[in-house]
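Nothing fancy with the numbering, it's 1 onward along the sequence. These numbers come from a predicted model, not from an experiment.
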Amino acid sequence: PAVKFQILSVAVAGLALAACGGGDSEAADPVAGETVAENTATETVADPEAEDVSSLRADCDILATDPEALESFAEIGTDADGFCACFVQVVEASAEEEREQMKATLEEVTDGMQASGEGAEDIVSRMMSETLMNPDSETSQATQSGVRLIGGVIDDVSDSLEDTGSCPAD
């Protein structure tokens, strides 16, 4: 139970960061009269879905570097690779709207972890604190939803791996 709370806290912090836009900063509008060159390079993606899964896996791998997460993996009898493989399967099997919310939130958490060097719990805690200041905003609601969804997946994956040694998506 304490391990699940720690993992959930990490996930929540990351989600909050994503919803609040704390991970990526958008470029400010150009000053009047200033010309901004658009990036005209086009990226050819043979399989956008495969790239989407790859991005989700990369974010899980970053999340899995958190010392508290590593400790939790040992307690449930897996490692970062086993956890992330299962996590990606479960997220990908989710309804599209939930899947996209989880991916956005996780990306914001991991972006925050990389930018600040802090653990997921610190990032998620900050994100959730921001939602408490403006609970009715769309951003706050998206953060809360994303954190709740990711926390549920983390709990499901952790419970299944610990109880049965298999992924709930199998």
Side-chain angles (χ1 to χ4, degrees), residues 1-34 36-39 43 45 48-49 51-69 72 83-84 86-159 168-169:
V3 171
K4 289 180 191 170
F5 176 75
Q6 290 173 345
I7 293 175
L8 175 62
S9 295
V10 170
V12 171
L15 291 179
L17 180 63
C20 296
D24 286 329
S25 56
E26 293 293 324
D29 290 332
V31 177
E34 188 177 320
V36 176
E38 291 294 319
N39 182 356
E43 199 173 300
V45 178
E49 190 172 308
E51 185 166 298
D52 210 27
V53 170
S54 175
S55 173
L56 177 61
R57 176 57 193 246
D59 284 338
C60 185
D61 288 341
I62 293 166
L63 187 66
T65 64
D66 187 279
E68 290 180 15
S72 299
F83 179 86
C84 285
C86 182
F87 179 84
V88 168
Q89 284 184 323
V90 173
V91 170
E92 286 300 318
S94 302
E96 182 178 359
E97 186 176 323
E98 291 180 351
R99 181 174 61 245
E100 294 308 315
Q101 181 62 56
M102 286 187 278
K103 287 178 180 179
T105 302
L106 182 60
E107 183 177 338
E108 291 296 329
V109 171
T110 57
D111 285 352
M113 289 173 69
Q114 289 187 302
S116 69
E118 294 177 304
E121 186 173 2
D122 291 333
I123 301 298
V124 173
S125 294
R126 187 166 37 256
M127 290 170 59
M128 294 308 288
S129 293
E130 291 173 14
T131 70
L132 295 175
M133 290 190 253
N134 194 4
D136 296 327
S137 78
E138 270 187 53
T139 299
S140 292
Q141 291 174 2
T143 296
Q144 292 171 357
S145 173
V147 169
R148 186 186 78 253
L149 290 166
I150 289 175
V153 169
I154 289 172
D155 285 347
D156 290 347
V157 168
S158 297
D159 288 346

Any side-chain heavy atom of [X] sitting closer than 4.5 Å to one from [Y]?
X: Ser72; Y: Ser158; result: no
X: Glu121; Y: Asp66; result: no
X: Leu106; Y: Phe87; result: yes
X: Leu132; Y: Met128; result: no

Item to check | Contact summary for Val90 and Ala169, nearest pair of heavy atoms | outcome: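 Of all heavy-atom pairs spanning Val90 and Ala169, the closest is CG2-CB, 3.9 Å.
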Atom pair [atom1]/[atom2] of [X] and [Y] - distance to nearest 0.5 Å:
X: Leu149; Y: Ile154; atom1: CG; atom2: CD1; value: 11.0 Å
X: Arg148; Y: Gln101; atom1: CZ; atom2: CD; value: 9.0 Å
X: Met102; Y: Ile150; atom1: CE; atom2: CD1; value: 7.0 Å
X: Thr131; Y: Gln144; atom1: OG1; atom2: CD; value: 4.0 Å
X: Leu63; Y: Ile123; atom1: CG; atom2: CD1; value: 11.0 Å

Item to check | Which residues share a side-chain contact (heavy atoms from CB on, under 4.5 Å) with Thr65, sequence neighbours left out | outcome: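 Counting only residues at least two positions away or on another chain, Thr65 forms a side-chain contact (heavy atoms from CB on, under 4.5 Å) with Met113.
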Next on the checklist: Test of understanding: with side-chain contact (heavy atoms from CB on, under 4.5 Å), list the residues that count as partners of Glu96, not counting sequence neighbours.
Outcome noted: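 Residues passing side-chain contact (heavy atoms from CB on, under 4.5 Å) with Glu96: Arg99, Glu100.
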Next on the checklist: Within the 3.5 Å criterion, strictly below it, is a donor on Ser140 or Asn134 matched to an acceptor on the partner's side chain?
Outcome noted: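 Asn134 and Ser140 do not have a side-chain donor-acceptor pair below 3.5 Å.
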Checklist entry - Yes or no on salt bridge (charged side-chain N to carboxylate O under 4.0 Å, His left out) for Asp122 and Arg126, after CA distance, side-chain angles and deciding distance? => result CA-CA 6 Å; Asp122 291 333; Arg126 187 166 37 256; over 6 Å; no
Checklist entry - With Arg57, which of Ile62, Val88, Val91 fulfils side chain to side chain contact (heavy atoms under 4.5 Å, CB included)? => result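 Option passing the side chain to side chain contact (heavy atoms under 4.5 Å, CB included) with Arg57: Val88.
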Next on the checklist: Quick check against the 3.5 Å criterion: does Ser145 have a side-chain atom that pairs as donor or acceptor with the backbone of Gln141?
Outcome noted: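 No, because the side chain of Ser145 does not come within donor-acceptor range (under 3.5 Å) of the backbone of Gln141.
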Next on the checklist: Looking at Lys103 and Glu98, is any side-chain nitrogen of the basic one under 4.0 Å from a carboxylate oxygen of the acidic one?
Outcome noted: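 Salt bridge flag = no for Lys103 with Glu98.
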Item to check | salt bridge (Lys or Arg N to Asp or Glu O under 4.0 Å) partners for Asp156, two or more places apart | outcome: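 For Asp156 there are no salt bridge (Lys or Arg N to Asp or Glu O under 4.0 Å) partners, ignoring immediate neighbours.
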